[in-house]
Structure formats: C-alpha cells, structure tokens
Amino acid sequence: MLQKLEQHLIQNLSFLKEKKLLIACSGGLDSVVLTHLFHKMQFDISLAHCNFSLRGKESDGDEAFVIQLTKKLSIPVFTETFDTNLYAAEHKISIQMAARELRYRWFYKILDNFKFDYLLTAHHLDDNLETFFINLSRGTGLKGLMGIPQINEKTVRPLLDFSKDEILNYATENKLKWREDSSNAKGDYLRNQLRLEVIPKIKSTNETFLQNYQKTRSHLNASQNLIDDYLTVVLKLAVTEVENAYHLNIKKLRELPNTEALLYELLSPFGFSAWEDISGLINAQSGKQVFSKTHRLLKNRDFLILTEILSVNSEEIFISEKIGSMNFPIPLIFETVGEIAEIKKNIVYLDKDLLSYPLVLRKWKEGDSFQPFGMKGKKKLSKFFKDEKLALNEKENSWVLCSNDEIVWVVGLRADENFRVTENTKSILQIAVKK
C-alpha cells in the first residue's frame, strides 16, 4: 500500500511534497494508518484530535491514545475538547452536524494560526460509496453522486482510492494499534446502516463491486468536467456580473437546451435546492424571489438576479470635511476641484459651501424624499426608485449622503437640486464612487 500511495501522490497530489501538513486523527484505524504512511514517507506532519465528549471515558481514552502515538512518532499534536451536545442544542442541529462544524472550524483555525498548508483526512473508497448512497437516497445531482471530493480548498483526502480492506491489511501487516469507536457498531444513523447492513450485502453479490463503483465514479467525474466546460461557455453567453450581483438573461437561457438542468448546475454552488420554485421563476412575475441559506434569486423583468444575503448595516457613518477617501461601506473619493469635468452617475459635484459637516452616509429608508437634480419639487425615494426601474436588490443596497438631515446625493444615481453647482459657487466638492 505504501508504494501504491507514493505513486498516487506523484501522479495526482504532487503539490503536497515539502508542505506542512495537519492530519485529522481520531485514533481509529483509518487515521492511524494515514499517520503512519505519511510519517514513513517523511512528510512534515502534525496531528489534530477532537474530543467530542460523546462517549465519556471512551472519548478520553481516544485522546490519550493519540497523544501517546505522537510521542512514539515524535510529532506535534493539537487536542481540543468540545461540548458537542450543548452546541447541537444551541444551534438546533444534529449531533453529527454539530461535530462536523466544530471540528472543521477548529482545524482551519489551526491551519491559519500555525501556517499549515493543508489538512489531511483519512476518508477512503468505502466512505465514498456510503456517501454516494446517502446522496442518492436524498435526491441529488451529478456532483452528489460523485461523493467526497479528493481536494476541497485546503482539505486533501489522499486515501480516497484505497478500500477499507487495503487499509486494514496494511495495519495488520505492520502490527499497528488503533481505537475502535463503539458508536460505529450502532445502527442509529443512516451511514452506519449502510456500512453494517446494506453495502456488505451488495458486495457479497459481486466481489468486484467496489472496483466497479470506482470506475463509475471516474466516469461521473469526467462527465462533470464536460458540464463545467459547457457552463464556462454559458456564463459568457447568458450571465453578466453587475456590481455585487449576477444577472442571468432569461431569454438567452431559454434558447439553450435543457434550461432547468442548466439552472441546476449554475445555481447549485450557491446552495439552491428548491428546483421547482427556481424553474418557476422564469415564468413568474417580477419581484418573485427564492432563497438559499446564503443567496437570493430574484425575478426582475428579463433577468434572474443572484445576490448574496448580507446583513443590513443600519448605522450612520459620519464624514468629516478633511476626509480624502473611504472604503467602507462604499468606496468613495472626496476632492475639491476647480470645475466640473466628466458627468457620470458615479460622480457628483456639489456646492461645498452649502454643506454642513459632518456629512452622514446611511441606507435609505421609507419616507425619505429629495428634489432630484433638474426637477422642480420633491419626490419620495420609493417613487424615484420605481421610475428608475431599480430591481429589489438595487433598492435594498441604495445609500444616501446627507447634510443636516437633507439628502445631498442618492449615491450613484442622482444629486439633490438644492446642492447643485451654480455660477455663484466658489468651491466645488467632487465625490466619486471608486470602481
């Protein structure tokens, strides 16, 4: 197995060479074998062990075992104890999900704080097969059927091409010791049921089943690569990035074959799963929207607009007369100029002597009104936005610059008539939104 892994690393994971690696080690068979293999190959490794406090003395025994293993191999170790039950209750999630969130958050904190290059986990081919069945049972797309990715950002899984039997044989031949997790023998969870009951029966009907699954996974991966190449073309044809949003051209999407499947591939990375609702957006009225946990998809006339869900900052930002520029919440440049140069929506020219400092930058709110430049009389901002045909997300992200509670500029859209530059203006303030 050692020679096979060395060859696998050369062919597929050569970037790991001479890197600083953190191995997630539970003390179980798989992570112990992974640790011994990389130690034999003389990689720069450290171990990280999580005590989830779920099995009492057994959990403490796992931690003690991992510490003893690192002493034997003369490698560093990080340990952390979590109150997993409390975390699950507070966040209203399952124990498994709580443990996953806790460990990966902690692992990545170690990566950042101690300058590790990659995190290695001991997931193997049998784990991948279990994930395949789990995703299949839940209803999934092609990526779900591909199972666990070998590389995911800074997480690498070098043993994904190795079976559980290969790992066990290596441990037995090299007389390695490991800890058995008693919870793995319980049929309480779907993964355990698959591992203990379903998959062994399937394997018994075909001794090459696992190898055939590996071939199938390779074919699925090739198909996904083909789809990704197609999506690159589609992105250029039908998707435009506008400030902090993506605009999907409905007409162009309809002209392409398999529109619903195309939408699935385009939007799945953003956490969308309500596919009937998403496909229904194409024929829905403007204003209808669908949400994932992180993003919103909005129907606005001829486009589907994809935006990230951000917390609204309702605070007021005070701007002094001496300011030259700012980056948050909007990147602005302030400059006193001698004359009006280019006229653009992202640039405003104001009579500086009419301003009272500090200026205030804030989100617009219902009831706001101003006198749009070049017009007589005031207009409510809500009506102004409607006339400008702003999409819902554009309205929500609109900011106003104020002087003495009077709107000076609807940022990036229109200045107020009362602060315009005239022939009597002595000092001109130019404010520009930085690209």
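Side chains of D60 and N51: a donor on one and an acceptor on the other come within 3.5 Å.
Sparse packing is recorded around CD of E260, with 12 or fewer heavy atoms of other residues, nucleotides or ligands lying under 6.0 Å away. Residue R100 places its CZ atom among 12 or fewer non-hydrogen atoms of other residues, nucleotides or ligands, all under 6.0 Å distant. Residue-environment remark: NZ (K378) exceeds the threshold of 12 foreign heavy atoms within 6.0 Å. Atom CG of D228 is surrounded by more than 12 heavy atoms from other residues, nucleotides or ligands within 6.0 Å.
Sorted by first then second residue, the salt bridge (charged side-chain N to carboxylate O under 4.0 Å, His left out) pairs that include residues 28-46, not counting sequence neighbours, are D30-K164. Within the structure, side chain to side chain donor-acceptor pair (under 3.5 Å) pairs that include any residue of residues 14-26 comprise S26-S31 (at least two apart or interchain). Sorted by first and then second residue, the salt bridge (charged side-chain N to carboxylate O under 4.0 Å, His left out) pairs involving residues 199-213 (not counting sequence neighbours) are D126-K203.
Distance CZ/R414 to CD/E388: 5.5 Å, rounded to 0.5 Å. With values rounded to the nearest 0.5 angstrom, I67 atom CD1 is found 11.0 Å from D62 atom CG. K175 NZ to K177 NZ: the interatomic distance, rounded to the nearest 0.5 Å, is 11.5 Å. Put simply, CD1 on I23 and CZ on F116 are 10.0 Å apart, with the number rounded to the nearest 0.5 Å. Separation of atoms NE2 (H123) and OG1 (T131) is listed at 7.0 Å; rounding is to 0.5 Å. Note that the OG atom of S268 and the CG atom of L263 stand 10.5 Å from one another [nearest 0.5 Å].
A donor-acceptor contact shorter than 3.5 Å links the side chain of T259 to the backbone of L253. A donor-acceptor contact shorter than 3.5 Å links the side chain of K299 to the backbone of I282. Between the side chain of N258 and the backbone N or O of A261 there is no donor-acceptor pair closer than 3.5 Å. Between the side chain of R179 and the backbone N or O of V66, no donor-acceptor pair lies under 3.5 Å. One N or O on the side chain of D368 and one on the backbone of K365 form a donor-acceptor pair closer than 3.5 Å. Between the side chain of H36 and the main chain of L176, no donor-acceptor pair closer than 3.5 Å is present. When atom types are taken as modelled, the side chain of S292 and the backbone of H295 share a donor-acceptor pair closer than 3.5 angstrom. At least one donor-acceptor pair under 3.5 Å links the side chain of H91 to the backbone N or O of Y87. Of the possible polar contacts, one joining the S398 side chain to the E394 backbone as a donor-acceptor pair under 3.5 Å is found. Under a 3.5 Å cut-off, the side chain of T84 and the backbone N or O of F52 do form a donor-acceptor pair.
Using bins of under 30°, 30° to 60° and over 60° for the plane-to-plane angle, the ring pair F385/W364 lands in the perpendicular bin.
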List the steps, then state whether side-chain contact (heavy atoms from CB on, under 4.5 Å) holds for S53 with D83. CA-CA 6 Å; S53 307; D83 190 336; 5.8 Å; no
Let me see the working for V408 and I431 under side-chain contact (heavy atoms from CB on, under 4.5 Å), right down to the final yes or no. CA-CA 11 Å; V408 171; I431 310 174; 6.0 Å; no
Where do D127 and R157 land on the salt bridge (charged side-chain N to carboxylate O under 4.0 Å, His left out) test, with the steps shown first? CA-CA 11 Å; D127 291 325; R157 302 175 176 95; over 6 Å; no
Chi angles and distances behind the side chain to side chain donor-acceptor pair (under 3.5 Å) call for Y230, E265: CA-CA 10 Å; Y230 175 57; E265 292 296 333; over 6 Å; no
Does the ring pair (Phe, Tyr, Trp, His ring centres under 6.0 Å) test come out yes or no for F132 and Y213, once each step is laid out? CA-CA 10 Å; F132 169 87; Y213 162 70; 5.6 Å; yes
How far apart are the C-alpha atoms of F370 and V400, what are their side-chain angles, what is the distance that settles it, and do they pass the side-chain contact (heavy atoms from CB on, under 4.5 Å) test? CA-CA 10 Å; F370 78 126; V400 292; over 6 Å; no
I would like to know whether S46 and I75 meet side-chain contact (heavy atoms from CB on, under 4.5 Å); could you show each step before the answer? CA-CA 6 Å; S46 299; I75 55 178; 5.9 Å; no
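Nearest heavy-atom pair across I134 and S137 is O-OG, 2.6 Å. Heavy-atom minimum distance, Y118 versus E153: CE2-O, 4.5 Å. When all heavy atoms of N393 and A245 are compared, the closest pair comes out as ND2-CB, 4.0 Å. Here the closest non-hydrogen pair linking F162 and K4 is CE2-CD, 3.4 Å. Here the closest heavy-atom approach between residue I407 and residue D416 is recorded as O-CB, 3.2 Å. Of all heavy-atom pairs between G287 and L298, the closest is O-CD1, 3.7 Å.
Using a 4.5 Å cut-off on side-chain heavy atoms (C-beta onward), K251 and D302 make no contact. Side-chain atoms of L390 and L413, non-hydrogen and from C-beta on, do get closer than 4.5 Å to each other.
For W178, the ring-ring contact (aromatic ring centres under 6.0 Å, His included) test picks out no residue, with sequence neighbours left out. The ring-ring contact (aromatic ring centres under 6.0 Å, His included) test applied to F133 returns no partner, not counting sequence neighbours. Qualifying side chain to side chain donor-acceptor pair (under 3.5 Å) partners for R296, counting only residues two or more places apart in sequence or in other chains: Q289, E396.
For the ring pair (Phe, Tyr, Trp, His ring centres under 6.0 Å) criterion with F114, the lone passing option out of Y108, F78, F107 is F78. The only option from Q7, Q3, H8 that meets the side-chain contact (heavy atoms from CB on, under 4.5 Å) definition with L5 turns out to be H8.
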